[in-house]
There are 2 protein chains.
Amino acid sequence: MPDTPSTGRRERKKAATRQAIADAALELFLEHGFDRVSVRDVAERADVSTTTLFAHFPGKEALVFDREAQVEASLTAAVRERPEGQGVVEALRAHALASWVRLDSDPRRERFAALVQQTPALREYWERMWMRHAGALSAAIAAELGREPDDLACSAMARFVLEVPALATTRHDPLASVETVFDLLIHGWQASQLGSGDAAEDTREA
Amino acid sequence: MPDTPSTGRRERKKAATRQAIADAALELFLEHGFDRVSVRDVAERADVSTTTLFAHFPGKEALVFDREAQVEASLTAAVRERPEGQGVVEALRAHALASWVRLDSDPRRERFAALVQQTPALREYWERMWMRHAGALSAAIAAELGREPDDLACSAMARFVLEVPALATTRHDPLASVETVFDLLIHGWQASQLGSGDAAEDTREA
DNA sequence: GCAGAAACTTGAACGATTGCAGTTTCTGAC
DNA sequence: GTCAGAAACTGCAATCGTTCAAGTTTCTGC
């Protein structure tokens, strides 16, 4: 029953305490709220010293977001391992629809999302973290298209795609919003009055 | 010689201490670096208590960015008071070129920019702050076009336009990059291989 | 000229984070 | 086996950002 077949006892124990800390943190945060729980409380519950806690996580907010590596991996995988003949942007659209905006029926995910949404510190931390994936995503896109890793069109696409959840999740129909924004990205704003000077003039009502 | 002709002595004094604090902060930060200067140091230099300091600024990073109200004002003004017949997006492009990406010859601005760029905490704070203008900008755009204030195309445009500096300033030719990204926004990514599934397939080289 | 609001002060907290000096626990080499 | 050293962990104290409570000074409007 080796969960981590590769490594020795040491690393296993290390992973165990890390997990214990993360579990304790989530439990306490969900029960009492992020700001009403101190790092010491978490350390206490996990039965480690606060020093140890900070050896495993770079800060209080990070306690909530382990799993970030996997998120980035699945993001670049969506681009790299897309179906034959599917465009990069289409793959990202599909990934966005499937993974981001699903108001999950899983009650654990739901409570977690609520916690993050209701805690400003966590909201901000999440956004910062999320946008840091822009580099990796951009690189993945560029690689798929055989372009320079710092190709501007790819970097821009990456950043803009990552903005989609922020734009869509607050709307009454998130799924439709995702579609709309992707259509805008593909076809541009010119078709929507916004793009050209002369077209815009006709339709103003100010 | 009244710099603030409108208000009484009280408000003038208040503005004076606020300014004293901001000046002290910038001076110390530029000299020793943001992280090597404590809030207490700044308060000391400005000859106020730290409590007073926090009555004027919501946090340490905010000491560096007074002037944010004006930035947002000039942003929405660029949209509202654009030349006759100019499109909203064109106005924003012009504003971006004129105000954001200018590697100023003014040595003070340059040192300031370097400070922000070299300090992660400040970089992140700036980005968060910057993106908070999305709401106002989106509303301004929607108003100009006579659309609902929460129109998705306008919100998306606002957020994406605000990403432009982050995309452009790190490049060797920031001005050209601004142009490119605006062109992408207007005409969409479909023309750049990225947009459609079938076109993308032909040009891959993996 | 006075009541009250506003700006400021002192002093003490609280919580996150870091540094330091040790102790225990594993690992790899002999 | 065992032993040296690395790694994980502990306790404690310090620093720093931030806030609170209670009181003092300084303006403003009446």
Side-chain angles (χ1 to χ4, degrees), chain A residues 2 4-26 28-29 32-66 119-125 128-129, chain B residues 2 4-26 28-29 32-66 119-125 128-129:
Chain A
T4 16
S6 51
T7 51
R9 163 158 28 189
R10 204 165 176 134
E11 303 211 9
R12 238 177 304 130
K13 283 200 169 184
K14 180 172 179 174
T17 57
R18 186 194 157 88
Q19 195 57 48
I21 294 169
D23 291 349
L26 191 56
L28 288 174
F29 291 159
H32 302 108
F34 183 76
D35 325 282
R36 280 193 295 267
V37 175
S38 80
V39 190
R40 285 174 181 112
D41 295 337
V42 176
E44 182 96 13
R45 167 81 72 117
D47 201 35
V48 296
S49 70
T50 75
T51 317
T52 299
L53 186 153
F54 280 108
H56 285 275
F57 299 89
K60 188 184 182 184
E61 293 89 350
L63 291 168
V64 173
F65 304 112
D66 40 350
T119 312
L122 289 180
R123 268 188 68 79
E124 287 183 356
Y125 188 82
R128 249 178 288 155
M129 201 157 223
Chain B
T4 17
S6 50
T7 51
R9 164 158 30 192
R10 200 144 158 161
E11 303 212 7
R12 238 177 303 130
K13 283 199 170 183
K14 180 173 180 174
T17 55
R18 186 194 157 89
Q19 195 57 47
I21 295 170
D23 290 349
L26 191 56
L28 288 174
F29 291 159
H32 302 108
F34 183 76
D35 326 281
R36 279 193 295 267
V37 175
S38 78
V39 185
R40 288 170 175 101
D41 294 336
V42 176
E44 181 96 14
R45 166 81 72 116
D47 201 34
V48 295
S49 69
T50 75
T51 318
T52 299
L53 187 153
F54 279 107
H56 284 275
F57 299 89
K60 188 184 181 184
E61 294 89 350
L63 291 168
V64 174
F65 303 113
D66 40 350
T119 312
L122 289 180
R123 266 189 69 80
E124 288 183 354
Y125 187 83
R128 247 179 288 155
M129 198 157 224

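The figures here come from the full heavy-atom set of this structure, side chains too, leaving out hydrogens, waters and symmetry mates. None of these values were measured; they are calculated from a predicted model. A note on names: the letters A, B, ... follow the listed sequences, proteins ahead of strands, and every chain is numbered from 1.
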For A:D41, answer base if it contacts any base atom (sugar-phosphate contacts may also be present), sugar-phosphate if it contacts only those atoms, and nothing otherwise; contact means non-hydrogen atoms under 4.0 Å. nothing
Carefully, step by step, assess A:L63 and A:F29 under the rule side chain to side chain contact (heavy atoms under 4.5 Å, CB included). CA-CA 10 Å; A:L63 291 168; A:F29 291 159; 4.2 Å; yes
Nearest whole angstrom, please: distance from the [atom2] of [N] to the [atom1] of [X].
X	N	atom1	atom2	answer
A:Y125	C:dT17	OH	C1'	14 Å
B:L53	C:dG11	CG	P	18 Å
A:H56	D:dA8	NE2	P	8 Å
B:D47	C:dA7	CG	P	18 Å
A:E44	C:dG15	CD	P	14 Å

For nucleotides 23-30 of chain C, just jot down a letter per nucleotide in 5' to 3' order: B, S or -, based on protein non-hydrogen atoms under 4.0 Å. --SBS---
Between [Y] and [X], is there a side-chain heavy-atom distance shorter than 4.5 Å?
X	Y	result
B:E124	A:E124	no
B:R18	B:D66	yes
B:D41	B:H32	no

Would you compute the distance between atom CG of B:L26 and atom CZ of B:F65 and round it to the nearest 0.5 angstrom? 10.5 Å
Report yes or no: does B:D23 contribute a side-chain atom to a donor-acceptor pair with the main-chain N or O of B:A20 at less than 3.5 Å? no
Just by distance, do the side chain of A:T119 and the backbone of A:A121 share a donor-acceptor pair under 3.5 Å? no
Taking only residues two or more places apart in sequence, or in another chain, which ones meet B:F54 in a ring-ring contact (aromatic ring centres under 6.0 Å, His included)? none
According to a strict under-4.0 Å criterion, is B:S49 in side-chain N/O contact with OP1 or OP2 of C:dT9?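 Yes.
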N/O to N/O distances under 3.5 Å, protein versus nucleotides 16-21 of chain D:
{"residue": "D:dG17", "atom": "OP1", "partner": "B:K60", "partner atom": "NZ", "Å": "2.7"}
{"residue": "D:dG17", "atom": "OP2", "partner": "B:V39", "partner atom": "N", "Å": "2.8"}
{"residue": "D:dG17", "atom": "N7", "partner": "B:R40", "partner atom": "NH1", "Å": "3.2"}
{"residue": "D:dG17", "atom": "O6", "partner": "B:R40", "partner atom": "NH2", "Å": "3.4"}
{"residue": "D:dT18", "atom": "OP2", "partner": "B:K60", "partner atom": "N", "Å": "2.8"}
{"residue": "D:dT18", "atom": "O4", "partner": "B:R40", "partner atom": "NH2", "Å": "3.0"}

